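Note that the structure is a prediction, hence the values are computed from the model and not measured. What's counted below: heavy atoms across the whole structure, side chains too, no hydrogens, waters or symmetry copies.
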Amino acid sequence: MFSVTLLTVGKLKEKFYQAAVEEYAKRLGAYCSFRLMELPETRLPEAPNQTEIAAGLAREAALIRANLPKNAWFCVLTPEGKELSSEALAEKLQSIKLEGRSAACFLIGSSFGIDPSIKQLADFRLSFGPMTFPHHLMRVMALEQLYRAETIQAGTRYHK
């Protein structure tokens with residue numbers, strides 16, 4: 001069974017986001033082996049300077065590298081990535097499976113972003129558009145789109 005990991009930096013605290021994440025994780029389980037992995041966000045001062053932000057992102061990058069699933073197709077969610085329709089994301093995941101890959105990992109970085117070295121590691125950079133979204137909401141949005149992509153591939157009626 002294809003394995004999907006959603007790697008996130010930062011903890012999810014709000015119960016309404018947790019409920020949505022749990023629901024989509026449960027739904028995804030019908031199509032793939034799904035795992036959510038939360039990594040701690042580096043604590044920074046209230047108004048950090050660029051040097052402090054870069055140091056924090058570098059610490060987070062080390063944790064990300066240590067927790068990337070081996071041999072997984074790696075996708076970073078970042079505003080400068082490529083925008084895809086739901087159908088195109090489904091096609092992308094299908095092509096990964098047809099190439100013989102057995103796992104995919106999607107990364108949502110911290111509130112200060114993602115270290116450039118991690119973006120360079122990515123097989124693909126995906127954007128949900130130029131708007132800014134709360135990182136907790138991005139988890140729900142990413143999971144919904146992963147679920148939608150799987151249902152498109154399976155030909156179910158979820159996607160209209």
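- Here the side chains of Tyr147 and Thr151 are in contact, with some heavy-atom distance below 4.5 Å.
- Sorted by first then second residue, the ring-ring contact (aromatic ring centres under 6.0 Å, His included) pairs that include residues 102-121, not counting sequence neighbours, are Trp73-Phe106.
- In this structure, Ile152 is not a member of the same hydrophobic cluster as Tyr158, with clusters built from ILVMFWY side-chain heavy atoms closer than 4.5 Å.
- Linking Ile, Leu, Val, Met, Phe, Trp and Tyr whenever their side-chain heavy atoms come within less than 4.5 Å leaves Leu146 and Met1 in two separate clusters.
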Less than 3.5 Å apart, which donor and acceptor atoms pair up between the side chains of residues 17-32 and the rest of the protein, not counting sequence neighbours?
from	atom 1	to	atom 2	distance (Å)
Gln18	NE2	Leu12	O	3.0
Glu23	OE2	Arg27	NE	2.9

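- For Pro130, the side chain to side chain contact (heavy atoms under 4.5 Å, CB included) partners are Glu83, not counting sequence neighbours.
- Here the closest non-hydrogen pair linking Glu60 and Gly113 is OE1-O, 4.3 Å.
- When the side chains of ILVMFWY residues are joined at heavy-atom separations under 4.5 Å, either directly or via intervening members, Leu57 and Ile118 end up in two distinct hydrophobic clusters.
- Phe124 and Ile64 fall into different hydrophobic clusters, defined by Ile, Leu, Val, Met, Phe, Trp and Tyr side-chain heavy atoms under 4.5 Å apart, directly or through other members.
- In terms of heavy atoms, Ala90 sits closest to Ala149 at CB-O, 3.5 Å.
- The shortest side-chain heavy-atom distance between Leu68 and Leu121 falls under the 4.5 Å cut-off.
- Summarising the geometry, atom CG belonging to Leu7 is positioned 12.0 Å from atom SG belonging to Cys75; distances are rounded to the nearest 0.5 Å.
- In this structure, CZ in Phe2 is found 10.5 Å from OG in Ser33, a value given to the nearest 0.5 Å.
- Sparse packing is recorded around NZ of Lys13, with 12 or fewer heavy atoms of other residues, nucleotides or ligands lying under 6.0 Å away.
- Partners of Leu63 according to the side chain to side chain contact (heavy atoms under 4.5 Å, CB included) rule, which considers only residues two or more places apart in sequence or in another chain, are Leu39, Pro40.
- A heavy-atom distance below 4.5 Å is found between the side chains of Ile96 and Leu93.
- Contact annotation: the side chain of Pro69 never approaches that of Met37 to less than 4.5 Å [non-hydrogen atoms, C-beta and beyond].
- For the pair Ser127 and Gly81, the tightest heavy-atom approach, listed with the atom from each and the gap, is CB-O, 3.3 Å.
- A continuous path of ILVMFWY side-chain contacts below 4.5 Å connects Ile114 to Val9, so both sit in one hydrophobic cluster.
- Put simply, the residue from Glu38, Glu41, Arg139, His135 that forms a side chain to side chain donor-acceptor pair (under 3.5 Å) with Thr8 is Arg139.
- Using a distance-only test at 3.5 Å, with no hydrogens or angles considered, no donor-acceptor pair links the side chain of Glu52 to the main chain of Leu44.
- Heavy-atom contacts from other residues, nucleotides or ligands closer than 6.0 Å to CE of Met131 number 12 or fewer.
- One distance of note links OG of Ser3 with CZ of Arg101; it measures 12.5 Å at 0.5 Å rounding.
- Open room surrounds NZ on Lys82; 12 or fewer heavy atoms of other groups in view lie less than 6.0 Å from it.
- Without hydrogens or angle criteria, Asp123 side chain to Phe74 main chain gives a donor-acceptor distance under 3.5 Å.
- Nearest approach of Leu77 to Ala142, heavy atoms of both residues: CD2-CB, 4.0 Å.
- Taking the side chain to side chain contact (heavy atoms under 4.5 Å, CB included) definition, one finds that Ala88 meets it with Leu84, Ser85, sequence neighbours left out.
- The distance from the CD1 atom of Ile108 to the CE atom of Met138 is 5.0 Å, given to the nearest 0.5 Å.
- Atom-to-atom distance recorded for Gln94:CD and Glu99:CD is 11.0 Å, nearest 0.5 angstrom.
- Heavy-atom neighbours of Asn71 CG from other residues, nucleotides or ligands within 6.0 Å: at or below the threshold of 12.
- With a 4.5 Å cut-off on side-chain heavy atoms, Gln145 and Leu126 do not count as touching.
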Assess whether side-chain contact (heavy atoms from CB on, under 4.5 Å) is satisfied between Gln120 and Arg125, documenting all intermediate values. CA-CA 9 Å; Gln120 291 300 315; Arg125 293 182 199 115; 3.6 Å; yes
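- In this structure, CZ in Arg35 is found 8.0 Å from SG in Cys105, a value given to the nearest 0.5 Å.
- Legend: residues meeting side-chain hydrogen bond (donor to acceptor under 3.5 Å, both in side chains) with Glu80, ordered by chain and number and at least two apart, are Thr78, Lys119.
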